[in-house]
Amino acid sequence: MDVEQVCLLLLAALAAGWVDAVVGGGGLIQLPALMLLNPGAPVASALATNKLASIAGTSSAAVAYLRKAKPDLPVALPGAGIAVAGAAGGALCAAAISSAALKPIIMVVLLAVAAIVVLKPDLGRVPRPVLRTRRRTAAAVLVPGLAIAFYDGLIGPGTGTFLVITFTTLLGTDFVNASANAKIINTATNLGALLVFGMQGQILWAIGLAMAVCNIVGAQAGARMAINRGAGFVRAVLLVVVVALVIKMGYEQFLA
C-alpha cells in the first residue's frame, strides 16, 4: 500500500473507534476500508486485521466508561467470559457459513431495532430497573455471550448496536450505561475472534497495529462525548448507525 492508502485506513480507524465507542457499528467503516484499500489481501485477513484494531478501541472505551459511567458488572463480566468462546466459535465457522445467506435476516433484525427505537422514544433515556428480573438478567448474560458473540465472530458489523439494544430492552438500562456494558462484552468478542484468526496466521500486524492506535484515539473521544452528552445523543447516533447498516447490507445483497 502507498502512503495515501495507509492514511485513509488510519482515518477510517479513527472514525470507526468513535462510532464503536458511542453505540457500536464501527465495522461499518473500518472493514470495508480494509477490503477496498487493500484488495490483494484475503477477506479473512481483512476480518482479522479489523479485529486487531477494534479490540484496542473497544477495550480503551471500556476503561473510559468504567471510570465515569456505571456498567452492570454482574451482568457484563459473566457475559464477557462466555463471549470469548462464542466469538471464537463464530470465527471458526466463518469459512463454512455464507454471510450472504444471513444478511437478509440481519437486515430484518436491524429494521426491528430501528422501529423499536423510533416507536419507543423513552427507551434508553432513563433507567427502568423495574424490568430487571432473574430471567431477564440471565438472558442479558446469555444472549450477548452466545448469540451476539457468535455473530461477531462470524460477520461482525453491528455487534455493538445489538448489544446496546439488548441491555436497554431486557434490563431497562439507559443508553449510556448500555454502551458501557456493550464495550465490555465487545472487547471479549473481539478477543475470541482474534485468537482464532491469530492462530490461523491471518492478521496483517503492521497496518493493524497502526489502525489500533487511531482506533483508541477515536474511542476515547467517542466515549467521553457519549458520557457528557447523555442518552439522547447516543439514541440519535444509534438510529443513524442502524440505517447505515441496513443500507450497506441491502446494497451488498441486492445491488452489488
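These numbers come from the heavy atoms of this one structure, side chains and all, not from hydrogens, waters or symmetry mates.
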Taking C-beta and beyond as the side chain, do [X] and [Y] meet within less than 4.5 Å on heavy atoms?
X	Y	result
Arg132	Asp72	yes
Thr189	Tyr151	no
Leu28	Val19	no
Val141	Val75	yes
Lys51	Asp152	yes
Phe150	Cys93	yes
Val237	Trp18	yes
Pro71	Lys183	no

Should [X] and [Y] be regarded as members of a common hydrophobic cluster, given that ILVMFWY residues are connected when their side-chain heavy atoms come within less than 4.5 Å of each other, either directly or indirectly?
X	Y	value
Leu123	Phe233	yes
Val63	Ile184	no
Ile216	Ile207	no

Name of the residue among Leu171, Thr166, Ile165 meeting side-chain contact (heavy atoms from CB on, under 4.5 Å) with Thr168: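 Result: among Leu171, Thr166, Ile165, Ile165 is the only option passing the side-chain contact (heavy atoms from CB on, under 4.5 Å) with Thr168.
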Heavy-atom closest contact ([X] atom, [Y] atom, distance):
X	Y	result
Tyr65	Ala226	OH-CB, 3.4 Å
Ala140	Phe167	O-CE2, 3.6 Å
Ile203	Ala48	CG1-CB, 3.8 Å
Leu239	Ala114	CD2-O, 4.0 Å
Ala223	Ala21	N-CB, 3.5 Å
Ala178	Thr173	N-CG2, 3.4 Å

Working for salt bridge (charged side-chain N to carboxylate O under 4.0 Å, His left out), residues Arg128 and Asp122: CA-CA 10 Å; Arg128 294 185 297 161; Asp122 292 333; over 6 Å; no
Quick one: pull up [atom1] in [X] and [atom2] in [Y] and give me the separation to the nearest 0.5 Å.
X	Y	atom1	atom2	value
Ser54	Leu31	OG	CG	8.5 Å
Asn181	Ile185	CG	CD1	7.5 Å
Met211	Asn50	CE	CG	6.5 Å
Cys7	Asp2	SG	CG	9.0 Å
Leu37	Leu8	CG	CG	5.5 Å
Leu238	Ser179	CG	OG	8.0 Å

Residue pair Thr58 / Asn190, side-chain donor-acceptor N/O under 3.5 Å: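 Yes.
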Side-chain donor-acceptor pair present, Gln30, Asn215, cut-off under 3.5 Å: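 Yes, Asn215 and Gln30 have a side-chain donor paired with an acceptor closer than 3.5 Å.
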Between the main-chain N or O of [Y] and the side-chain N or O of [X], is there a donor-acceptor pair closer than 3.5 Å?
X	Y	value
Asn186	Ala182	no
Gln220	Ala64	no
Thr49	Leu204	yes
Asp174	Val126	no
Ser59	Ile55	yes
Ser45	Gln202	yes
Arg235	Gly124	no

More than 12 heavy atoms from other groups under 6.0 Å of CZ on Arg229: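 No - once you tally the heavy atoms of other residues, nucleotides and ligands closer than 6.0 Å, there are 12 at most.
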